[in-house]
Each structure stands twice: as C-alpha cells, then as structure tokens.
K.L.:
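Let me begin by handing over the structure; questions about it come next.
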Number of protein chains: 2
Amino acid sequence: MQAAEKLFVERGYGAVTVKDIAKEAGIHHASLYHHIPDGKAALFVEVATRNMKRHHEGIQQAIAGADTLREQLQGIASWLLSEAPVDVVRFSKSDLPAIAQATDQATADKIASLMHESTLLPMTHVLHMAQAKGEIDHPHLGNMAGAVFSAIEGLHSIPDQYLVSSRQAMANQIIDVFIKGMQAD
Amino acid sequence: MQAAEKLFVERGYGAVTVKDIAKEAGIHHASLYHHIPDGKAALFVEVATRNMKRHHEGIQQAIAGADTLREQLQGIASWLLSEAPVDVVRFSKSDLPAIAQATDQATADKIASLMHESTLLPMTHVLHMAQAKGEIDHPHLGNMAGAVFSAIEGLHSIPDQYLVSSRQAMANQIIDVFIKGMQAD
DNA sequence: GTCTATATAAAGATAGAC
DNA sequence: GTCTATCTTTATATAGAC
C-alpha cells in the first residue's frame, strides 16, 4: 500500500495530502489511518527510508553489474531514470524542515544521512575505484560524484514532449563528457 | 513586499502558506490581500515571473562580462549560487501542476516557457558561441547546457556545515571538467 | 480493513473598523 | 495600508458501524 512512495517522492511532503495517497491507493482516506496510525509525517519518514534503501540497493547492483567506470555510471543512470526523481534540493530545503517540525530534528537528520549514504557515497566510491584502476585522475571526486548525480537527475525535469533523444542517451552523453573531463592530460 | 519571492522560490508553492509570507513581510496575513487581491496562486505566478526575468538579466550580464567560455560559465555559476535555488524538478513536478489546477494550464505553460528561455537558452547560447570560436566541439550542446545547470544548482543542496571548499570553487571544478570533456580529441 | 460520520485545526479569503 | 473578526474550504485525524 506504500504507493504513497510514488506521490511523496515525486511531489514532496507538503504538496501531497493524505487524500491524494488514499485516492492513489484506491481507498477512502479514513481507511489509510488503519495502516498509518502515527499519521502523515511518520508515513513520510517510513516511505523516505524505504525509498533511500531501494536506491542504495539499485545503485549497488548497477555498480556490481559492470566493469568499466562508463558502464557503471550508465547503469546507475539507468536506475535513477527508471525511478521517480531524487530531488535533493527540495528534500533539504522543504521536506526535511517540515518533517523536523512535525516530528523532531533528529528524525530529519537521520533521513538526510541515509540519503547521503544511499546515493552520493556509492557514486563517490565508484569514482575512487576507477581512479585506482587508472581510468580517471581527478582531485575532487566527491564533488564530481555530486555533479554527475545532479546532472542525471536533472533529466527528469524535461517533459516527454520535448525529448529529442531518450533520457538514457542524454545521460550517456553527459557521462562521456565527465569521464573525458576527469582524465589526466 | 515581494519577499514572497524568497519563500516561494526556496520552498515551493505548496510548502509556503500565505501566513508565512505575511510573517516574513512583517504584517498580518489579512493585510497581504490588499496587495494580492487575486490570491496566492496569482502571487506565485507574479513572483515566479519576476524571478525568471531577474535570472535572465543576471545570466546575460554574467555572459557579457566575460570573454572565454570558462569565465562566462563561472560568472553564471556565481550568479546562480548567489540566488535561491532554481529547482526545475520541483517546479515541473509539483509547483506548476498546482498552479495549473488553481488557475489554468496556459498560465502554467507560460511560466514553464519563461523558465526555459531565461535559464537554459542563454546557457546553450554560450556553448554555441564558444563552439563557433573553437573553444569546444560537441554535438549535444543543449544537453550539456542542462547538465551544467543542474550540476551547479545541485551545489545548493549541500548544507554549509558539510562544505569543505566554497560552492563557487566546486562550481569552477565542475566547469573545468565539462569544458575539457567537451573539447575535441 | 474499509466505510460513514464527525471532530479539530489550519489555510485561503473577505468585511469592515481604524 | 493594516488591523480584528469572521467565513469557507481543505486537511489531518478519530470514532464507531459493518
């Protein structure tokens, strides 16, 4: 019944009502409270946690299923583009402050940490492994991991009708530019 | 009185209440309706339009104030990092649908177009100019413009306490990688 | 587990005094 | 132009029947 995940992740905490969720699930909104006795904020926390763990899993599998940096990043892009956008800006500036107020700061901090561990750390790890193998040579891999991540996620914002090629093809172009730009002269 | 801009742009339409705006402006929320007789949605439209026009102006000036592609992109980054985040994902997936429902689809479409013209088109133009001068050589400049934009905007999501170097320094690193990656072999 | 009905609180909005 | 007071609608949440 956690199709709440879709709505929360796509539109954010404040922009989704419990009625929206109930409607998506095909039940009356009062019935939802049987499943979420602790209310909307608790549901968001649960759903955000699930979502981040799924992302961690998906990204890890994408990494494990490829050998070269290019293939690994393409696999991560494939995963990210198959999921609802991970809007880190909205998350840190809008969702988490609201959750911190509805519950407490520690809960919000925990989700923020989980997000970082689930998305940026694996990306950074991939770059470090590639650097150890000599595929790239760059002094700021953490920054580059964030940049690649943001660039790929940004593709979600392009409406379908404006797409000239697939988002995956565009992601691959971006990845190629990053890899080439991160190589030693 | 349009300090509503700050709140709307930072947190999004749904996450900001009229009372929040009134409080930020230091007046009672009922007093706000003297200035916004057409309500919250109309205010958002007005504010979003202003915001996009300011961005267009800021980006154009950053471009005009520099000669090389690197300096122009650094100038654009400096502008973007001095402003509240432009969260295109939240905008397209959350804010605009809400505005379309509160007003009409045409109004939402207009803002979306303005956003594209104000941010991505100037960035793309810069890349095309640089290509004409031989600074870069890449077949998908529109995609690259979006990628640079998203990568820079993503820096907003890093909390101050986690910054090891300034956002501008990180933006410059990203720009260098992009330029090098977009150059011909 | 799901519904109807209802309570409570918050948000958007208006009226009218000053 | 700003306030207090009030209205309406919407949202979160609970109670209790089925």
K.L.:
Which whole-number value in Å describes the distance from Ile99(A) CD1 to dT12(D) C1'?
P.N.:
14 Å
K.L.:
Taking atom P of dT10(D) as reference, at what distance in whole Å does atom NZ of Lys23(A) sit?
P.N.:
13 Å
K.L.:
With a distance cut-off below 6.0 Å to the six-membered ring centre and an angular limit of 45° from the axis, does Lys40(A) pair with Tyr33(A) as a cation-pi contact?
P.N.:
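No, Lys40(A) does not lie over the aromatic ring of Tyr33(A).
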K.L.:
Roughly how far, to the nearest 0.5 Å, is the CG atom of Asp87(A) from the OG atom of Ser157(A)?
P.N.:
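It is 9.5 Å, given to the nearest 0.5 Å.
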K.L.:
For the atom pair CE (Met52(B)) and CD (Glu57(B)), what is the distance rounded to the nearest 0.5 Å?
P.N.:
14.0 Å
K.L.:
On the nucleotide dG1(C), are OP1 or OP2 found under 4.0 Å from the side-chain N or O atoms that Ser31(A) carries?
P.N.:
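Checking dG1(C) against Ser31(A), no side-chain N or O comes under 4.0 Å of OP1 or OP2.
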K.L.:
List the residues meeting salt bridge (charged side-chain N to carboxylate O under 4.0 Å, His left out) with Lys19(B), not counting sequence neighbours, and say none if there are none.
P.N.:
none
K.L.:
Figure out the CZ/P separation between Phe44(A) and dT12(D), and round it to whole Å.
P.N.:
13 Å
K.L.:
Supply the atom-to-atom distance Leu141(B) CG to Met144(B) CE, rounded to the nearest 0.5 angstrom.
P.N.:
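Leu141(B) CG to Met144(B) CE: 8.0 Å, rounded to 0.5 Å.
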K.L.:
Just how far, in rounded Å, is P of dA15(C) from NE2 of His34(B)?
P.N.:
15 Å
K.L.:
Less than 4.0 angstrom between a side-chain N/O of His35(B) and OP1 or OP2 of dT2(D), yes or no?
P.N.:
yes
K.L.:
Identify each atom pair where a protein N or O and an N or O of nucleotides 9-13 of chain C are less than 3.5 Å apart, giving names and distance.
P.N.:
unit_1: dG12(C); atom_1: OP1; unit_2: Lys40(B); atom_2: NZ; d: 2.9
unit_1: dG12(C); atom_1: OP2; unit_2: Val18(B); atom_2: N; d: 2.8
unit_1: dA13(C); atom_1: OP2; unit_2: Tyr33(B); atom_2: OH; d: 3.2
unit_1: dA13(C); atom_1: OP2; unit_2: Lys40(B); atom_2: N; d: 2.9
unit_1: dA13(C); atom_1: N6; unit_2: His29(B); atom_2: NE2; d: 3.1

K.L.:
Taking side chain to side chain donor-acceptor pair (under 3.5 Å) as the test, write out the residues that go with His138(B), two or more places apart.
P.N.:
none
K.L.:
Could you tell me the separation between the CG atom of Leu32(A) and the C1' atom of dC3(C), rounded to a whole number of Å?
P.N.:
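The answer, rounded to whole Å, is 13 Å.
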